[in-house]
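Here is the structure we will look at.
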Amino acid sequence: MSAKITFFPVDNGDMTLVRLADTRVTTLLIDTNIRVAADDKADATPDVALELRKRLQYDEKGRPFVDAFLLSHPDKDHCTGLAKHFWLGALEDYPDDDLDKHDKRIVIRELWSSPMVFRRRSKNHTLCADAVAFNKEVHRRINLWRTFRSAGNGDRIKIMGEDENGKTDDILAIVIKTGQKFSEINGEYSSLFSAHLLAPAPRQEDELEELLSKNHSSVIMNIELLASIFSSKRVRFLTGGDAEVAIWKRLWEKYQYTPDVLEYDLLQTPHHCSWHSLSFDSWSTYGEEVEVCQEARNALGQARPGATIVASSKKILDNEDNPPCIRAKREYLSILKPVDGIFHCVGDGKRPETIEFEVSSTGVSKIPAGLAVGASAAAAAAPRAGRK
Ligand SMILES: [Zn+2]
(Lines give C-alpha, C1' and ligand atoms only; values in the text may rest on other atoms or scores of the structure.)
Protein backbone atom coordinates (compact mmCIF):
# COMPACT_ATOMS: atom_id res chain seq x y z
CA MET A 1 0.00 0.00 0.00
CA SER A 2 1.39 3.40 -0.95
CA ALA A 3 0.80 6.87 0.45
CA LYS A 4 -1.59 9.05 -1.55
CA ILE A 5 -2.49 12.73 -1.72
CA THR A 6 -5.84 13.77 -3.19
CA PHE A 7 -6.97 17.23 -4.29
CA PHE A 8 -10.73 17.58 -4.72
CA PRO A 9 -12.28 19.96 -7.27
CA VAL A 10 -13.66 22.62 -4.95
CA ASP A 11 -13.29 25.71 -7.14
CA ASN A 12 -11.30 28.46 -5.40
CA GLY A 13 -10.96 26.62 -2.10
CA ASP A 14 -8.98 23.80 -0.51
CA MET A 15 -9.78 20.21 0.38
CA THR A 16 -6.81 17.86 0.44
CA LEU A 17 -6.68 14.30 1.74
CA VAL A 18 -3.39 12.70 2.77
CA ARG A 19 -3.40 8.93 3.26
CA LEU A 20 -0.40 7.25 4.82
CA ALA A 21 1.17 4.03 3.63
CA ASP A 22 0.32 2.10 6.80
CA THR A 23 -1.97 -0.93 6.77
CA ARG A 24 -4.81 0.88 8.51
CA VAL A 25 -4.58 3.84 6.07
CA THR A 26 -4.19 6.74 8.49
CA THR A 27 -5.87 9.86 7.09
CA LEU A 28 -5.22 13.60 7.41
CA LEU A 29 -7.73 15.97 5.80
CA ILE A 30 -6.57 19.54 5.25
CA ASP A 31 -9.51 21.96 4.97
CA THR A 32 -12.91 21.25 3.46
CA ASN A 33 -15.05 23.10 0.94
CA ILE A 34 -18.24 21.14 0.28
CA ARG A 35 -20.55 23.69 -1.29
CA VAL A 36 -24.33 23.39 -1.25
CA ALA A 37 -24.31 22.90 -5.03
CA ALA A 38 -21.96 19.91 -4.57
CA ASP A 39 -24.63 18.25 -2.42
CA ASP A 40 -27.30 18.75 -5.10
CA LYS A 41 -27.39 15.60 -7.24
CA ALA A 42 -29.05 17.55 -10.05
CA ASP A 43 -26.26 20.13 -10.12
CA ALA A 44 -23.14 19.63 -12.25
CA THR A 45 -20.84 20.67 -9.38
CA PRO A 46 -18.68 17.62 -8.49
CA ASP A 47 -19.97 15.61 -5.53
CA VAL A 48 -16.77 16.02 -3.50
CA ALA A 49 -18.37 14.71 -0.30
CA LEU A 50 -18.96 11.36 -2.01
CA GLU A 51 -15.45 11.41 -3.49
CA LEU A 52 -14.05 12.02 -0.01
CA ARG A 53 -16.16 9.31 1.66
CA LYS A 54 -15.08 6.72 -0.91
CA ARG A 55 -11.54 7.19 0.35
CA LEU A 56 -12.22 7.03 4.09
CA GLN A 57 -12.18 4.18 6.59
CA TYR A 58 -15.21 3.21 8.69
CA ASP A 59 -14.80 2.33 12.36
CA GLU A 60 -16.20 -0.74 14.17
CA LYS A 61 -19.54 1.06 14.56
CA GLY A 62 -19.71 1.80 10.85
CA ARG A 63 -18.88 5.48 11.24
CA PRO A 64 -16.68 7.17 8.62
CA PHE A 65 -13.70 8.97 10.12
CA VAL A 66 -10.54 10.94 9.49
CA ASP A 67 -7.66 10.48 11.92
CA ALA A 68 -6.92 14.21 11.82
CA PHE A 69 -8.47 17.34 10.33
CA LEU A 70 -6.40 20.50 9.92
CA LEU A 71 -8.09 23.84 9.30
CA SER A 72 -5.38 26.00 7.72
CA HIS A 73 -7.36 29.15 8.53
CA PRO A 74 -11.04 29.88 9.10
CA ASP A 75 -12.04 31.34 5.71
CA LYS A 76 -15.27 30.12 4.14
CA ASP A 77 -13.57 28.42 1.20
CA HIS A 78 -11.61 26.23 3.64
CA CYS A 79 -14.38 25.10 6.00
CA THR A 80 -17.66 25.17 4.06
CA GLY A 81 -19.75 22.06 4.74
CA LEU A 82 -17.93 21.26 7.98
CA ALA A 83 -21.01 21.32 10.22
CA LYS A 84 -23.11 19.42 7.68
CA HIS A 85 -20.69 16.63 6.78
CA PHE A 86 -18.62 16.22 9.96
CA TRP A 87 -19.69 15.36 13.48
CA LEU A 88 -18.80 18.19 15.84
CA GLY A 89 -19.50 17.10 19.39
CA ALA A 90 -18.98 14.25 21.84
CA LEU A 91 -18.86 10.78 20.24
CA GLU A 92 -21.39 9.42 22.74
CA ASP A 93 -23.92 11.81 21.19
CA TYR A 94 -23.20 10.69 17.59
CA PRO A 95 -26.67 10.68 16.01
CA ASP A 96 -26.17 9.08 12.58
CA ASP A 97 -25.75 5.34 13.29
CA ASP A 98 -29.08 4.49 11.62
CA LEU A 99 -28.38 6.44 8.45
CA ASP A 100 -27.04 5.13 5.14
CA LYS A 101 -23.23 4.98 5.25
CA HIS A 102 -22.93 7.85 2.76
CA ASP A 103 -25.16 10.07 4.87
CA LYS A 104 -23.36 9.59 8.17
CA ARG A 105 -21.35 12.53 9.38
CA ILE A 106 -17.60 12.01 9.39
CA VAL A 107 -15.94 11.64 12.77
CA ILE A 108 -12.83 13.79 13.34
CA ARG A 109 -10.66 11.77 15.69
CA GLU A 110 -8.18 14.62 16.22
CA LEU A 111 -8.59 18.32 15.37
CA TRP A 112 -5.62 20.47 14.40
CA SER A 113 -6.21 24.15 14.98
CA SER A 114 -4.31 27.39 15.40
CA PRO A 115 -5.69 29.85 17.96
CA MET A 116 -3.48 32.59 16.54
CA VAL A 117 -5.27 32.34 13.24
CA PHE A 118 -8.57 33.01 14.97
CA ARG A 119 -7.08 35.90 16.89
CA ARG A 120 -5.83 37.56 13.73
CA ARG A 121 -9.06 36.97 11.87
CA SER A 122 -11.36 38.09 14.64
CA LYS A 123 -9.90 41.60 14.56
CA ASN A 124 -10.88 42.30 10.99
CA HIS A 125 -13.45 39.72 9.98
CA THR A 126 -16.49 37.93 11.22
CA LEU A 127 -16.39 34.16 11.02
CA CYS A 128 -18.80 32.20 8.80
CA ALA A 129 -21.15 29.67 10.44
CA ASP A 130 -18.86 26.69 9.74
CA ALA A 131 -15.87 28.53 11.25
CA VAL A 132 -17.94 29.36 14.33
CA ALA A 133 -18.88 25.66 14.62
CA PHE A 134 -15.22 24.67 14.28
CA ASN A 135 -14.21 27.20 16.93
CA LYS A 136 -16.85 25.86 19.30
CA GLU A 137 -15.59 22.30 18.80
CA VAL A 138 -12.00 23.44 19.40
CA HIS A 139 -13.05 24.95 22.71
CA ARG A 140 -15.01 21.83 23.71
CA ARG A 141 -11.91 19.71 23.17
CA ILE A 142 -9.54 22.16 24.89
CA ASN A 143 -11.84 22.34 27.90
CA LEU A 144 -11.93 18.54 28.09
CA TRP A 145 -8.12 18.47 27.96
CA ARG A 146 -7.87 21.10 30.67
CA THR A 147 -10.14 18.97 32.87
CA PHE A 148 -8.88 15.43 32.22
CA ARG A 149 -5.35 15.88 30.78
CA SER A 150 -6.07 13.09 28.32
CA ALA A 151 -8.40 12.52 25.40
CA GLY A 152 -9.67 9.66 23.25
CA ASN A 153 -10.88 9.37 19.65
CA GLY A 154 -13.18 12.24 18.77
CA ASP A 155 -11.93 14.42 21.63
CA ARG A 156 -8.25 14.84 20.73
CA ILE A 157 -6.86 18.19 19.66
CA LYS A 158 -3.53 19.72 18.68
CA ILE A 159 -2.87 23.44 18.62
CA MET A 160 -0.55 24.51 15.80
CA GLY A 161 1.56 27.25 17.36
CA GLU A 162 1.67 28.85 20.78
CA ASP A 163 -0.85 31.55 21.58
CA GLU A 164 0.08 35.02 22.91
CA ASN A 165 0.45 36.06 26.53
CA GLY A 166 0.99 32.52 27.78
CA LYS A 167 -2.60 31.53 26.95
CA THR A 168 -1.48 28.04 25.90
CA ASP A 169 1.12 27.58 28.65
CA ASP A 170 -1.13 25.25 30.65
CA ILE A 171 -1.84 23.00 27.65
CA LEU A 172 1.66 22.74 26.15
CA ALA A 173 1.28 18.96 25.86
CA ILE A 174 -1.18 19.53 23.01
CA VAL A 175 0.68 22.47 21.42
CA ILE A 176 3.05 22.07 18.47
CA LYS A 177 5.41 25.04 18.55
CA THR A 178 6.18 26.84 15.30
CA GLY A 179 9.45 25.42 13.98
CA GLN A 180 8.79 22.05 15.63
CA LYS A 181 8.61 18.69 13.81
CA PHE A 182 6.16 16.04 14.91
CA SER A 183 5.21 12.50 13.85
CA GLU A 184 2.06 11.79 15.84
CA ILE A 185 -1.41 11.63 14.35
CA ASN A 186 -4.34 11.03 16.66
CA GLY A 187 -2.08 10.18 19.57
CA GLU A 188 -0.02 7.60 17.70
CA TYR A 189 3.54 7.87 16.44
CA SER A 190 3.95 7.09 12.75
CA SER A 191 7.29 6.20 11.17
CA LEU A 192 5.71 7.00 7.80
CA PHE A 193 4.84 10.62 8.55
CA SER A 194 6.38 13.76 9.95
CA ALA A 195 5.38 17.40 9.63
CA HIS A 196 7.45 20.54 10.12
CA LEU A 197 5.26 23.41 11.36
CA LEU A 198 6.52 26.61 9.67
CA ALA A 199 3.70 29.05 10.43
CA PRO A 200 1.83 30.81 11.98
CA ALA A 201 4.67 32.81 13.48
CA PRO A 202 4.49 33.79 17.13
CA ARG A 203 2.76 37.12 17.76
CA GLN A 204 4.69 40.12 16.39
CA GLU A 205 4.68 43.83 17.17
CA ASP A 206 1.35 45.45 16.31
CA GLU A 207 2.42 46.89 12.96
CA LEU A 208 3.80 43.59 11.69
CA GLU A 209 0.88 41.71 13.18
CA GLU A 210 -1.47 43.89 11.12
CA LEU A 211 0.52 43.12 7.96
CA LEU A 212 0.45 39.37 8.64
CA SER A 213 -3.27 39.57 9.37
CA LYS A 214 -3.84 41.13 5.95
CA ASN A 215 -1.74 38.36 4.39
CA HIS A 216 -4.14 35.54 5.20
CA SER A 217 -2.11 34.07 8.02
CA SER A 218 -2.45 30.29 7.68
CA VAL A 219 -0.93 27.13 9.06
CA ILE A 220 2.04 26.25 6.84
CA MET A 221 3.47 22.75 7.02
CA ASN A 222 6.09 20.82 5.14
CA ILE A 223 4.85 17.25 5.43
CA GLU A 224 7.18 14.30 4.90
CA LEU A 225 5.75 10.98 3.77
CA LEU A 226 7.32 7.60 3.18
CA ALA A 227 6.10 6.03 -0.04
CA SER A 228 5.65 2.67 1.71
CA ILE A 229 6.84 0.76 4.74
CA PHE A 230 9.73 -0.53 2.60
CA SER A 231 10.83 2.92 1.46
CA SER A 232 13.50 5.10 3.02
CA LYS A 233 13.16 8.31 1.00
CA ARG A 234 10.96 10.96 2.55
CA VAL A 235 8.78 12.77 0.01
CA ARG A 236 7.84 16.36 0.85
CA PHE A 237 4.43 18.05 0.50
CA LEU A 238 4.46 21.78 1.24
CA THR A 239 1.03 23.24 2.01
CA GLY A 240 0.18 26.69 3.32
CA GLY A 241 -3.51 27.60 3.02
CA ASP A 242 -3.94 31.14 1.75
CA ALA A 243 -0.64 32.56 3.08
CA GLU A 244 0.40 35.57 1.05
CA VAL A 245 3.58 37.34 0.04
CA ALA A 246 4.65 38.93 3.37
CA ILE A 247 4.45 35.55 5.10
CA TRP A 248 6.50 33.72 2.45
CA LYS A 249 9.02 36.60 2.44
CA ARG A 250 9.45 36.22 6.21
CA LEU A 251 9.84 32.45 5.87
CA TRP A 252 12.63 32.95 3.34
CA GLU A 253 14.37 35.45 5.63
CA LYS A 254 14.20 32.87 8.39
CA TYR A 255 15.34 29.86 6.36
CA GLN A 256 17.53 31.35 3.60
CA TYR A 257 20.62 29.66 5.06
CA THR A 258 18.81 26.34 5.48
CA PRO A 259 16.63 26.35 2.34
CA ASP A 260 16.22 22.57 2.47
CA VAL A 261 13.54 23.26 5.12
CA LEU A 262 11.37 24.60 2.29
CA GLU A 263 12.19 21.94 -0.31
CA TYR A 264 9.26 20.03 -1.74
CA ASP A 265 8.32 17.29 -4.18
CA LEU A 266 4.71 18.55 -4.16
CA LEU A 267 3.56 22.10 -3.55
CA GLN A 268 -0.01 23.30 -3.22
CA THR A 269 0.01 26.83 -4.65
CA PRO A 270 -0.96 29.13 -1.78
CA HIS A 271 -4.27 30.98 -2.01
CA HIS A 272 -5.55 29.19 -5.11
CA CYS A 273 -2.69 30.31 -7.36
CA SER A 274 -2.95 33.93 -6.26
CA TRP A 275 -0.42 36.44 -7.50
CA HIS A 276 -0.50 37.96 -3.98
CA SER A 277 1.53 35.01 -2.67
CA LEU A 278 4.41 35.97 -4.97
CA SER A 279 4.25 39.76 -5.22
CA PHE A 280 3.22 42.96 -3.49
CA ASP A 281 2.05 44.42 -6.85
CA SER A 282 -1.54 44.27 -8.06
CA TRP A 283 -1.95 42.14 -11.21
CA SER A 284 -5.23 43.77 -12.25
CA THR A 285 -3.72 47.28 -11.86
CA TYR A 286 -0.22 46.85 -13.30
CA GLY A 287 -0.53 43.79 -15.57
CA GLU A 288 2.82 42.79 -17.06
CA GLU A 289 4.53 45.64 -15.15
CA VAL A 290 4.22 43.70 -11.87
CA GLU A 291 7.38 42.52 -10.15
CA VAL A 292 7.81 39.30 -8.28
CA CYS A 293 8.98 39.44 -4.65
CA GLN A 294 12.24 37.50 -4.95
CA GLU A 295 12.23 36.37 -1.30
CA ALA A 296 8.68 34.96 -1.53
CA ARG A 297 9.57 33.29 -4.82
CA ASN A 298 12.63 31.76 -3.20
CA ALA A 299 10.50 30.41 -0.35
CA LEU A 300 8.09 28.84 -2.86
CA GLY A 301 10.82 27.93 -5.33
CA GLN A 302 12.69 25.13 -3.55
CA ALA A 303 11.39 22.49 -5.95
CA ARG A 304 13.17 19.14 -5.96
CA PRO A 305 13.94 17.36 -9.25
CA GLY A 306 10.70 16.35 -10.99
CA ALA A 307 8.55 18.29 -8.51
CA THR A 308 4.80 18.80 -8.96
CA ILE A 309 2.84 21.97 -8.23
CA VAL A 310 -0.95 21.86 -7.86
CA ALA A 311 -3.42 24.75 -7.91
CA SER A 312 -6.66 24.13 -6.03
CA SER A 313 -8.67 26.71 -7.93
CA LYS A 314 -10.99 27.49 -10.80
CA LYS A 315 -9.65 27.07 -14.33
CA ILE A 316 -6.68 29.41 -14.82
CA LEU A 317 -7.46 31.78 -17.67
CA ASP A 318 -5.24 34.29 -19.45
CA ASN A 319 -7.01 37.35 -18.10
CA GLU A 320 -7.02 39.79 -15.16
CA ASP A 321 -8.43 37.30 -12.66
CA ASN A 322 -6.66 36.80 -9.33
CA PRO A 323 -6.96 34.20 -7.91
CA PRO A 324 -6.30 32.13 -9.84
CA CYS A 325 -3.81 34.26 -11.75
CA ILE A 326 -2.14 33.39 -15.04
CA ARG A 327 0.94 35.39 -14.01
CA ALA A 328 1.29 33.25 -10.87
CA LYS A 329 0.94 30.08 -12.95
CA ARG A 330 3.70 31.35 -15.25
CA GLU A 331 5.93 31.95 -12.23
CA TYR A 332 5.31 28.42 -10.94
CA LEU A 333 6.06 27.05 -14.42
CA SER A 334 9.36 28.94 -14.39
CA ILE A 335 10.14 27.39 -10.98
CA LEU A 336 9.41 23.93 -12.41
CA LYS A 337 11.31 24.30 -15.69
CA PRO A 338 14.86 23.77 -14.36
CA VAL A 339 13.73 20.69 -12.40
CA ASP A 340 11.58 19.29 -15.22
CA GLY A 341 8.50 19.45 -13.02
CA ILE A 342 4.77 19.37 -13.75
CA PHE A 343 1.96 21.84 -12.99
CA HIS A 344 -1.66 20.76 -12.42
CA CYS A 345 -4.86 22.66 -11.65
CA VAL A 346 -8.00 20.87 -10.45
CA GLY A 347 -10.12 23.30 -12.50
CA ASP A 348 -8.19 23.04 -15.78
CA GLY A 349 -9.69 19.94 -17.36
CA LYS A 350 -12.81 19.77 -19.54
CA ARG A 351 -14.61 19.67 -16.21
CA PRO A 352 -13.20 20.04 -12.68
CA GLU A 353 -11.72 16.71 -11.58
CA THR A 354 -10.30 15.07 -8.49
CA ILE A 355 -6.52 14.84 -8.89
CA GLU A 356 -4.81 12.06 -6.98
CA PHE A 357 -1.11 11.39 -6.55
CA GLU A 358 0.69 8.27 -5.49
CA VAL A 359 3.79 8.87 -3.41
CA SER A 360 6.77 6.93 -4.76
CA SER A 361 10.43 6.78 -3.83
CA THR A 362 11.17 9.44 -6.46
CA GLY A 363 8.39 11.91 -5.60
CA VAL A 364 4.73 11.91 -6.56
CA SER A 365 3.05 10.67 -9.72
CA LYS A 366 -0.48 11.42 -10.85
CA ILE A 367 -2.83 8.45 -10.83
CA PRO A 368 -4.68 8.37 -14.17
CA ALA A 369 -8.28 9.59 -13.90
CA GLY A 370 -10.59 6.63 -13.53
CA LEU A 371 -8.07 4.63 -11.50
CA ALA A 372 -8.03 7.21 -8.69
CA VAL A 373 -10.30 5.31 -6.34
CA GLY A 374 -10.13 4.99 -2.57
CA ALA A 375 -7.56 2.39 -1.53
CA SER A 376 -9.29 1.18 1.59
CA ALA A 377 -11.26 -2.05 1.74
CA ALA A 378 -14.19 -0.13 3.19
CA ALA A 379 -14.07 2.39 0.38
CA ALA A 380 -13.73 -0.33 -2.25
CA ALA A 381 -16.86 -1.98 -0.84
CA ALA A 382 -18.82 1.27 -0.94
CA PRO A 383 -21.80 1.51 -3.28
CA ARG A 384 -20.71 2.46 -6.78
CA ALA A 385 -23.89 4.36 -7.66
CA GLY A 386 -23.19 7.98 -8.38
CA ARG A 387 -19.53 7.44 -9.12
CA LYS A 388 -18.16 9.69 -11.77
ZN1 LIG B 1 -8.78 30.30 0.29
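Count residues from 1 along the sequence. Start at 1 and go down the list; that is how both ligands and their atoms are numbered.
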So, Arg330 and Glu288, do they make that salt bridge, N to O below 4.0 Å? yes

Any Lys/Arg nitrogen of Arg297 or Glu331 sitting under 4.0 Å from an Asp/Glu carboxylate oxygen of the other? yes

What N/O/S atom of Asp77 is the closest to the Zn ion (ligand 1)? OD2

Aromatic Tyr58 / basic Lys101 pairing, under 6.0 angstrom, 45° off normal: yes

Can we call the ring centroids of His271 and His73 under 6.0 Å apart? no

Is the Zn ion (ligand 1) under 2.8 Å from any N, O or S atom of [X]?
| X | answer |
| --- | --- |
| His272 | yes |
| His78 | yes |
| Asp242 | yes |

